[in-house]
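Following: one structure in structure tokens, then a few remarks.
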Amino acid sequence: MDLSTKIAGVTFRVGLMNASGALCVTQAELEALGESDAGAIVTKSMTPLAREGNPLPRYVAIDGGSINSMGLPNLGYPAYAKLIPGLKRFKRPVVASLAGLHPDDFLEGAKALNAAGPDLVEVNLSCPNIPGKPQIGYDFDETERLLEAIRDIFTIPFGVKLPPYFDPIHHHKIAEVLQRIGVTFVTVINSVGNTLVVDPEQERVVIKPKGGFGGLGGRIIKPVALANVRAFWKIWGDRIPIIGTGGVENGTDIFEHVLCGASAVQIGTILVEEGVGVFRRLAQEVTECLERKGYPSLMSCRGKLQEMD
Ligand code: RRO
């Protein structure tokens, strides 16, 4: 089965990859992705300096998903810039996820990544877990200012990782900004931010940072993810590729994301829970799904979701 795709001129032999954050912080984790059946290697979102992240416990698997407040644990721009050229030996696209704690950080990161040469950069506008730092993607003016500044620096195609939006006016407003900037792809969605999971036995929160508030991922957020993929597809069609992320556990979930308009799919919670072997299972399952339905390739069903008259 042809599971290939193309994002911003970059060919992926398989349109499945890790979501940034899932098993992609250290050199060993990134190399394990390179040795797996993942179609690309996506790094953890990076900041100027290495960070330990938030106090533990900060990730918990729950019924139907996960909650996390990792707090951007990462090796820092210089370390990833050094690592990225070596990841090219795995012969699949390398996607660097760029974050920062201040607007100037992103500019510094863009320069470091230009020199390192990943195939694509995914600018993370949606980390929900840094105390006192709002998700940039919910502030449309700030998003435009930031992206205007980094656009002038980047020599590599860049896209953005967005938070979930819950109202069509917000999809339209952010889409206008991203079109004006000329981003080459969007990844939707990041975790559903600032949710709360309660342990009724212990009468307690389940993660330590931020009083237990954290980003929700996994199967329970799939309808939110699909709605965001679909909303952007309806605005752009195939003009700006969409990477669907959220709630993918099996081949049918991948099919649903692509039907809604995704050009590739990222795997978060179930990758953390199952390990990098998940990519082989998912490729088999989506292949079976497409064969059963008579589609000759993954991209041949893109956007084909039917609406009712
Ligand atoms: O590190 C995190 O806490 C984190 C980030 Br940067 C993100 O973008 N999304 C998320 O769920 N966790």
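One-based numbering, in listed order, for ligands and for the atoms of each.
Contacts between Asn124 and ligand 1 below 4.0 angstrom, taking non-hydrogen atoms only, involve the side chain exclusively.
The aromatic ring centres of Phe158 and Phe185 sit 6.0 Å or more apart.
The closest side-chain donor-acceptor pair between Asp2 and Ser297, if any, does not fall under 3.5 angstrom. Using modelled atom types, one finds no donor on one side chain facing an acceptor on the other under 3.5 Å when comparing Glu288 with Gln284. Checking Asn68 against Asn129 by side-chain atom types alone, a donor-acceptor pair falls below 3.5 Å.
Residue Pro128 places no N or O, backbone or side chain, under 3.5 Å from any N or O of ligand 1. Geometrically, ligand 1 and Asn68 share a nitrogen or oxygen pair separated by less than 3.5 Å. In terms of polar-atom proximity, defined here as any N/O pair under 3.5 Å, Pro73 makes no such contact with ligand 1. Taking any N or O of Asn129, backbone or side chain, at least one lies under 3.5 Å from an N or O belonging to ligand 1. Checked by distance only, ligand 1 and Gly215 stay at 3.5 Å or farther apart across all their nitrogen or oxygen atoms.
Lys44 counts as a contact of ligand 1, since one of its heavy atoms falls under 4.0 Å from the ligand. Ligand 1 lies less than 4.0 angstrom from a heavy atom belonging to Gly71.
Panel note: side chain Asn74, backbone Lys44; no donor-acceptor pair is recorded below 3.5 Å.
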Please walk me through it: do Arg281 and Glu274 pass salt bridge (Lys or Arg N to Asp or Glu O under 4.0 Å)?
-> CA-CA 10 Å; Arg281 175 176 70 77; Glu274 207 173 306; 2.8 Å; yes

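Nearest to atom 9 (N) of ligand 1 among the protein's heavy atoms is Asn190 OD1, 2.8 Å. In this structure, the protein non-hydrogen atom closest to atom 6 (Br) of ligand 1 is Cys127 SG, 3.2 Å.
In this structure, the separation between CG on Leu49 and CG on Leu101 is 9.0 Å, given to the nearest 0.5 Å.
When each atom of ligand 1 is checked for a heavy atom of Leu72 under 4.0 Å away, the hits are 1 (O), 2 (C), 3 (O), 6 (Br). Atoms of ligand 1 lying under 4.0 Å from at least one heavy atom of Met70, given by number and element, are 1 (O), 2 (C), 3 (O).
Considering only residues two or more places apart in sequence or on other chains, Arg204 meets the side-chain contact (heavy atoms from CB on, under 4.5 Å) condition with Gln202.
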